[in-house]
There are 4 protein chains.
Amino acid sequence: MQAKTFTENARRAQIVRAAIETIGELGYAKASFGQIAKRAGLSSTGMISYHFDGKADLIAEVVRDVLATSLAYMRERIDAVHGPAAELRAYIESNLAFVAEHPVELTALLDCLRHGGGGATTAGNDDWYHGAVDVLESCLREGQRTGEFGRFDPRVMAITVRQAIDGIHTELIRRPDTDVDAYAAELVAIVDRATAHD
Amino acid sequence: MQAKTFTENARRAQIVRAAIETIGELGYAKASFGQIAKRAGLSSTGMISYHFDGKADLIAEVVRDVLATSLAYMRERIDAVHGPAAELRAYIESNLAFVAEHPVELTALLDCLRHGGGGATTAGNDDWYHGAVDVLESCLREGQRTGEFGRFDPRVMAITVRQAIDGIHTELIRRPDTDVDAYAAELVAIVDRATAHD
Amino acid sequence: MQAKTFTENARRAQIVRAAIETIGELGYAKASFGQIAKRAGLSSTGMISYHFDGKADLIAEVVRDVLATSLAYMRERIDAVHGPAAELRAYIESNLAFVAEHPVELTALLDCLRHGGGGATTAGNDDWYHGAVDVLESCLREGQRTGEFGRFDPRVMAITVRQAIDGIHTELIRRPDTDVDAYAAELVAIVDRATAHD
Amino acid sequence: MQAKTFTENARRAQIVRAAIETIGELGYAKASFGQIAKRAGLSSTGMISYHFDGKADLIAEVVRDVLATSLAYMRERIDAVHGPAAELRAYIESNLAFVAEHPVELTALLDCLRHGGGGATTAGNDDWYHGAVDVLESCLREGQRTGEFGRFDPRVMAITVRQAIDGIHTELIRRPDTDVDAYAAELVAIVDRATAHD
DNA sequence: GATGAATGAGGTTTCATTCAT
DNA sequence: AATGAATGAAACCTCATTCAT
């Protein structure tokens, strides 16, 4: 029973891995089951349909997987510091570091999120994004409460920070030699000034 | 001759219009020629192939169209002021105003730009984005030269501003009641602080 | 009235000309009305539909045109000689000469005949071919009657001659430098021997 | 593995079979995937695309299949005799016998070969035809070397023989009652005279 | 669990033809 | 007579999914 579950999970993980790489390299549009199966060393696309409840399910797992990895990576670094300001810095730095270390995963993740939330009517796939903004907003509010931060709209600031972080991805595509650490340091400086008391 | 060109352009414009609306409502992925033709009141998808040299051509025209409209809108407001700081504010405000007034166009535009380049090897379709960042970077550098702005990395700041503007789009999807004017005012304030002398 | 008819015929001839060139260069399969119209300098494929009663009609005219030109060319040279043997030689030589002088027309003609008589059920387009074989057969029978030729099956001989002539076309495609005059001379020699008395 | 290959080949063979019959009956032009699928008892044209890498691939297999069958048939009969003259006779007789026994296959084959190369720039698809002519030419040269044959251009003679054989096909369409054995005997007689010493 | 053949819907595109101007 | 936009059918092909083995 456990063996079966284990095997099943191993297969799922293998497929998810292949899906991430396929989407990362070919893009969402060209990441058909056929391409993913080829990369996973599977002889049939039916295997994917067998393990996942449709393409949406696979994509959801891809998102979940990358997000979980990213969160674990960041959580460790954010929990190591204390106070809203320090946490904000750790958030920015750890997130950018993760992007730099996992470019393929990030490409896949963003591509998945984009396609999931294609139409204006779609909701649910943007959950993560808004969740992330919410977290940042809470952090910013807390900082204003403790007096570490000055006056500003925490929602707009949260969006600005979140988007500035995501901006590194496109930048890396066009300028692969971009120094992500320097980018992080500069962004932290910008946010420091923007959140400071007048 | 003129009549022909006019008629032809009128049809093309009509199709582009339908494409924008279709992409805006269904998302790029579901925006097939069939859907677009239906919305344009055409009896067959062959009509689109007749007027456009393939799907890429139609999408390119959609991008061109929205971008041109947007640029004209912004140009007018940016040219009305003088000096890097004022121009930066005008840029942010006019861009956000346009987004607020043309939500469907923006949804379509962003979706098109996203799907333009499949995988990580994107190039060419991000031209606009990086062009926009370049313009902002130049403005920021000029402000630093004239002494209006303080010290900061103009590239990172440009990306931050550009991304913060684009952030309104996702925000509007989740919170349609967001006050875009207030968002613009707050973003201007944030940028003012971030670009100020220490 | 006559002017109209003249103009109409001129247009028809122009279109037939363009069709021959298009089929000769691109092949029957790619010779769409669009391609033909382009070559004819017409702004609309509708022009072709206007002057011809469908594609079959145009193709029929192409066949008629090339055939008529070919027949006129050969007739002149065949009528210049007398007697079955001499006429047979003149037939072979003049036919091959025509092929050498009008390669594009021949390519178009053969391509048209092939497509017309695609399925085994089709008949009518092979009319010309069998007509030509019939003519040869009559000539051969006449020669046997006059005693110029020996004993052989005139039908099989007619087919052999007709096919040997057509064979130059494929040969010219692969070996464009083939000396058609020499080919004709050699074919005449072969037929001479084959039709001779034992 | 073997089972797979077998099954796969069986399906492929079934489709090739259906393609041959379809082309033979409707002609190349009307032999769409839809028609072929219908004849093969397939529910969709996708099945053909699944087994063959495009239409060109299927057609190539059709040609290969008929050619291989034909060659095997002829080879057996040609290898049973010795000497250029006997082999030439066996070639003519076995080839015509095969045509008489497999009219549909031959119709399909010729149609495929004709349509393979669009315009005058044909190359590659005529490989078989020229290969066959080359074989005949070699046989004729050998006969001249051994003294069995007289003086003539072996290339022109090869083309004549090859074309005379192919001529039976069109003849059978118009005159289905043609006695192919008699045709063969008469053609052999003609070639005997044409290749004889003066 | 795993395979791969089969399905059927959907996509874009090209074509001959028709029609209003 | 001529134009060129519009039509609708048909083409090939890809895809996610299902199913028997």
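So that the names make sense, note that chain A is the first sequence line, chain B the second, and so on, each numbered from 1. The figures that follow rest on heavy atoms only: side chains count, while hydrogens, waters and symmetry mates do not.
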Between [Y] and [X], is there a side-chain heavy-atom distance shorter than 4.5 Å?
| X | Y | value |
| --- | --- | --- |
| A:Leu42 | A:Ile48 | yes |
| C:Trp128 | C:Leu113 | yes |
| B:Leu26 | B:Gln35 | yes |
| B:His169 | B:Thr107 | yes |
| C:Ile23 | C:Leu109 | no |

Query raised in the report: Would you say a side-chain N or O of B:Arg11 is under 4.0 Å from OP1 or OP2 of F:dA6?
Result: yes
For the pair made of [atom1] in [X] and [atom2] in [N], what is the distance, rounded to whole Å?
| X | N | atom1 | atom2 | answer |
| --- | --- | --- | --- | --- |
| C:Lys55 | F:dA9 | NZ | P | 19 Å |
| A:Asp53 | F:dT17 | CG | P | 8 Å |
| C:Ile48 | E:dT18 | CD1 | C1' | 15 Å |
| B:Met47 | E:dT17 | CE | C1' | 13 Å |
| A:Ile15 | F:dA16 | CD1 | P | 14 Å |
| C:Ile36 | E:dT17 | CD1 | P | 11 Å |
| B:Arg12 | F:dA6 | CZ | P | 13 Å |
| B:Phe52 | F:dA5 | CZ | P | 12 Å |

Query raised in the report: So which one's nearest nucleotide on DNA chain E is more toward 5', B:Ala31 or A:Gly46?
Result: A:Gly46
Report task. Assign each of D:Leu42 and A:Leu42 to its nearest nucleotide of DNA chain E by heavy atoms, then name whichever residue's nucleotide is nearer the 5' end. Result -> A:Leu42
Report task. Output yes when A:Arg39 and A:Glu25 qualify as a salt bridge under the 4.0 Å nitrogen-oxygen rule, no when they do not. Result -> yes
Query - Base of F:dC13 paired with side chain of D:Thr45 (donor-acceptor, under 3.5 Å) - result: yes
Query raised in the report: Side chain of D:Tyr50, base of E:dA5: donor and acceptor closer than 3.5 Å?
Result: yes
Report task. Verify whether one side chain among A:Gln14 and A:Arg17 offers a donor that lies under 3.5 Å from an acceptor in the other. Result -> no
Side chain of [X] - closest among [options]:
| X | options | answer |
| --- | --- | --- |
| D:Ser44 | F:dA16, F:dT14, E:dG8 | E:dG8 |
| C:Phe33 | E:dA2, E:dA6, E:dA16 | E:dA16 |
| C:His51 | F:dA2, E:dA6, E:dA2 | F:dA2 |
| C:Ser43 | F:dG4, F:dA6, F:dG8 | F:dG4 |
| C:Ser32 | E:dA5, E:dC15, F:dA5 | E:dC15 |

Report task. Answer with base, sugar-phosphate or nothing: what part of the nucleic acid does B:Ser49 contact at a heavy-atom distance below 4.0 Å? Result -> base
Query raised in the report: Ignoring hydrogens and geometry, is there a side-chain-to-backbone donor-acceptor pair from A:Arg12 to A:His51 under 3.5 Å?
Result: yes
Requested in this report: Grab the stems for DNA chain E, please: at least three consecutive Watson-Crick or wobble pairs, both distances below 3.5 Å, written as range with range.
Outcome: E:2-21 with F:2-21
Query - Toward the 5' end of DNA chain F, by each residue's nearest nucleotide, D:Lys30 or A:Gly34 - result: D:Lys30
